[in-house]
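I have placed the structure first, in the form of structure tokens, so that the comments after it can refer back to it.
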Amino acid sequence: MSAPRRIAVVGAGLAAVSTCDALRAQGYDGELVLYSAERGLPYDRPPLSKDVLLGKSHRENILLRPEQWYDEQGIELRDGAPVRAIRPHEGGLELADGELAAADRIVLATGGTARPLPVPGGDDPAVHLLRTWEDAERLRERLLPGARVAVIGAGLIGAETAAVAHALGCRVTLIDPLPVPLTAAVGDDIANALHLRHSAEGIGVLIAGVARIERRPGNLGVLLHLTGYGAPVLADTVVVGIGIRPAVELAEAAGLNVDNGVVVHPGQRTSHPNVLAVGDVARPEGHKVRHEHWEAAQRDGEAAAHGILGRPLPSFGASWFWSDRHGSRLEAVGTMADAERTVLRGAPDGGAFTVFGLLGDRLVAAAAIDRPREIKAARRIVDRGVAVDAAVLSDESADLRTLLKR
């Protein structure tokens with residue numbers, strides 16, 4: 001199979017840039033065009049809810065690649081060039097300004113958009129989403145000492161934003177209908193320890209939903225009327241962190257198979273032979289959820305490059321993700337929901353500890369707070385599929401690397 005002459009990558013996040021990087025690394029020497037709806041160089045999103053809000057990082061600090069990289073790699077970066085439609089059956093795509101561009105292969109890396117709060121008042125100017133650099137810039141100006149900030153959603157983005165706002169001196173209330181978020185991913189022990197940390201740091205935590213948001217007279221903040229909680233919450237600023245919606249509009253209009261994302265097969269192939277999908281917008285066939293993590297986007301790009309060039313697909317090990325909050329780092333490999341029992345290493349009330357998830361005598365997942373070495377070892381154990389001894393896992397004096405020698 002001959003390599004395509006011109007590849008168009010639609011999107012400019014990590015998955016898009018990783019696809020371009022992997023194509024060049026695999027020796028692809030054809031035309032490669034990256035279409036970005038945003039102006040400026042592509043940037044990394046995880047820092048937006050951390051160092052960018054804290055004012056420690058500026059846009060030039062979070063670029064995925066320096067400007068000269070695109071020239072050196074022969075990648076044409078079309079920033080400020082949103083795509084209106086893809087036309088794979090015609091061998092091209094259409095930009096928002098009406099320009100038609102040829103493409104033998106199209107890689108959809110359109111990511112997702114932050115889910116708005118679907119309640120009356122959810123579009124009030126005091127309500128902020130956090131997905132883009134511009135979102136972070138607008139929000140950062142509001143996170144002033146003494147400001148009353150309500151964060152809706154206690155998942156990764158919500159929890160990180162709440163921790164940053166608290167560190168900046170805001171009076172923070174974190175609202176989520178779930179008593180303990182993230183249990184499916186990291187297990188009860190880690191999830192509980194993480195969630196309790198908010199209250200210990202002085203953040204108000206409410207188990208509730210939001211029924212409506214009401215602006216107070218005289219522009220004196222807003223009232224959040226909650227379900228499951230009596231008194232409304234007064235806030236100057238509201239941050240909504242309830243997940244993202246995959247940006248599937250281009251795929252749907254082109255007739256691709258879409259179901260909670262663009263459905264992809266091995267090599268990131270979609271239902272059209274000339275279209276691939278990577279990153280947050282893609283959902284592997286047979287999986288119920290999309291993998292909305294940094295490393296997953298990077299791996300998708302590598303898999304797509306191999307698929308386009310007809311190379312054997314790379315073999316990836318267990319998934320990994322991280323989150324920073326209140327000066328601590330959560331790291332996790334695999335998914336704790338896949339385990340039938342768990343083993344603790346260290347005590348949850350001690351701050352730093354690890355939880356291992358076992359299926360039979362195999363390690364399938366691990367999550368830890370401030371124990372990076374144990375997560376690194378756990379990942380290797382999961383990937384190799386070796387039998388493990390629960391007593392060794394729980395013994396803090398035991399070297400986990402010995403399990404790899406069996």
Show the numbers, then the answer: is there a side-chain contact (heavy atoms from CB on, under 4.5 Å) between V151 and V172?
-> CA-CA 7 Å; V151 179; V172 183; 4.2 Å; yes
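- Rounding to the nearest 0.5 Å places CG of D51 at 4.0 Å from OG of S57.
- Residues D123 and L117 form no side-chain contact, since every pair of their non-hydrogen atoms from C-beta on lies 4.5 Å or further apart.
- Scanning both residues, V238 and A235, for their nearest heavy atoms gives CG2-CB, 4.2 Å.
- Annotation: R373, atom CZ; neighbour count of heavy atoms from other residues, nucleotides and ligands within 6.0 Å does not exceed 12.
- To the nearest 0.5 Å, the span separating OG1 on T183 from CG on L194 amounts to 11.5 Å.
- Ionic pairing of E396 and R345 is not present here: no N-O contact between side-chain nitrogen and carboxylate oxygen is shorter than 4.0 angstrom.
- Using a 4.5 Å cut-off on side-chain heavy atoms (C-beta onward), N260 and R290 make contact.
- Between R45 and D280, no side-chain nitrogen of the basic residue sits less than 4.0 Å from a carboxylate oxygen of the acidic one, so the salt-bridge criterion is not met.
- The minimum heavy-atom distance linking L64 with A12 is given by the pair CD1-O, 4.1 Å.
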Residue pair R78, S36: steps toward the side-chain hydrogen bond (donor to acceptor under 3.5 Å, both in side chains) verdict | CA-CA 6 Å; R78 298 284 303 274; S36 171; over 6 Å; no
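- Checked by atom type and distance alone, the side chain of R24 pairs as donor or acceptor with a backbone atom of Q73 at under 3.5 Å.
- A distance of 7.5 Å separates OG1 of T110 from CD of E249, quoted to the nearest 0.5 Å.
- Note on D135 versus R138: salt bridge recorded, some NZ/NE/NH1/NH2 to OD/OE distance being below 4.0 Å.
- Between the side chains of T237 and R148, no donor-acceptor pair is found at a separation under 3.5 Å.
- Two residues are said to be in side-chain contact when any heavy atoms from C-beta on lie closer than 4.5 Å; L108 and V278 fail this criterion.
- Of all the heavy atoms in P284 and H291, the pair that sits closest is CG-CD2, 4.1 Å.
- A salt bridge is defined here as a Lys NZ or Arg NE, NH1 or NH2 lying under 4.0 Å from an Asp or Glu carboxylate O, and D104 with R6 fails to meet this definition.
- In this structure, the side chain of T270 engages the main chain of H272 through a donor-acceptor pair within 3.5 Å.
- Around atom OH of Y28, more than 12 heavy atoms belonging to other residues, nucleotides or ligands sit under 6.0 Å away.
- Counting all heavy atoms, side chain and backbone alike, V382 lies closest to A365 at CG2-N, 4.2 Å.
- Note that CG of L174 and NE2 of H198 are 5.0 Å apart. Values are rounded to the nearest 0.5 Å.
- In terms of heavy-atom proximity, A208 sits nearest to I175 at O-CG2, 3.4 Å.
- Nearest heavy atoms, L358 versus V388: CD2-CG2, 3.4 Å.
- Taking the charged nitrogens against the carboxylate oxygens, E374 and R380 have no contact shorter than 4.0 Å, which rules out a salt bridge.
- Residues I207 and L178 have side chains not in contact (no heavy-atom distance under 4.5 Å, counting atoms from C-beta outward).
- Residue K50 qualifies as enclosed at atom NZ: its count of foreign heavy atoms under 6.0 Å is above 12.
- A donor-acceptor pair under 3.5 Å links the side-chain atoms of R115 to the main chain of I244, judged by distance alone.
- Counting heavy atoms from C-beta on, the side chains of T132 and E38 come closer than 4.5 Å.
- Side chain of D124 to backbone of G121: no donor-acceptor contact under 3.5 angstrom is found.
- Using a 4.0 Å cut-off between charged side-chain N and carboxylate O, D21 and R65 make a salt bridge.
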Would you please test V10 and V107 for side-chain contact (heavy atoms from CB on, under 4.5 Å) and show each step?
-> CA-CA 6 Å; V10 183; V107 181; over 6 Å; no
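- Look at D370 and R329 and you find no salt bridge, because none of the NZ, NE, NH1 or NH2 atoms lies under 4.0 Å from a carboxylate O.
- Salt bridge status for R299 with E302: absent, with no side-chain N to carboxylate O gap under 4.0 Å.
- Remark: the backbone N or O of A154 is paired with a side-chain donor or acceptor of D176 at under 3.5 angstrom.
- In this structure, E90 CD and L100 CG are separated by 8.5 Å, a value rounded to the nearest 0.5 Å.
- Atom CD of E285 is separated from atom CG of D259 by 10.5 Å, given to the nearest 0.5 angstrom.
- Within the 3.5 Å criterion, the main-chain N or O of A303 finds no donor-acceptor partner in the side chain of Q268.
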Take T342 and M336 through the test side-chain contact (heavy atoms from CB on, under 4.5 Å) and record every step on the way to the result.
-> CA-CA 8 Å; T342 58; M336 207 64 70; 4.1 Å; yes
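- Between V180 and D188, the closest side-chain pair of non-hydrogen atoms is not below 4.5 Å.
- Note: H326 and H166 have perpendicular aromatic rings, judged against thresholds of 30 and 60 degrees for the angle between ring planes.
- Ring-plane geometry between W320 and W322 is classed as parallel, the angle between the planes falling under 30 degrees on a 0 to 90 degree scale with a further cut at 60.
- Remark: side-chain polar atoms of D383 are paired, donor with acceptor, to backbone N or O of A318 under 3.5 angstrom.
- V17 is listed as a side-chain neighbour of Y70, based on a closest heavy-atom distance under 4.5 Å.
- With hydrogens and angles ignored, the 3.5 Å screen pairs a side-chain donor or acceptor of D79 with a backbone N or O of G40.
- R5 has no carboxylate O lying under 4.0 Å from a charged side-chain N of E31, or vice versa, which leaves the two without a salt bridge.
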Derivation and outcome, side-chain contact (heavy atoms from CB on, under 4.5 Å), residues L250 and I106 = CA-CA 11 Å; L250 294 176; I106 298 171; over 6 Å; no
Start with the C-alpha distance between S323 and E160, add both sets of side-chain angles, then the distance that settles side-chain hydrogen bond (donor to acceptor under 3.5 Å, both in side chains), and finish with yes or no.
-> CA-CA 7 Å; S323 176; E160 290 172 357; 2.7 Å; yes
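- Side-chain atoms of D300 never come within 3.5 Å of backbone atoms of A15 as a donor-acceptor pair (strictly under, hydrogens ignored).
- The shortest side-chain heavy-atom distance between V33 and V9 does not fall under the 4.5 Å cut-off.
- Checked for salt-bridge contact, R59 and E134 meet the test: a charged N lies under 4.0 Å from a carboxylate O.
- When the shell of 6.0 Å around CD of E67 is examined, it contains 12 or fewer heavy atoms from other residues, nucleotides or ligands.
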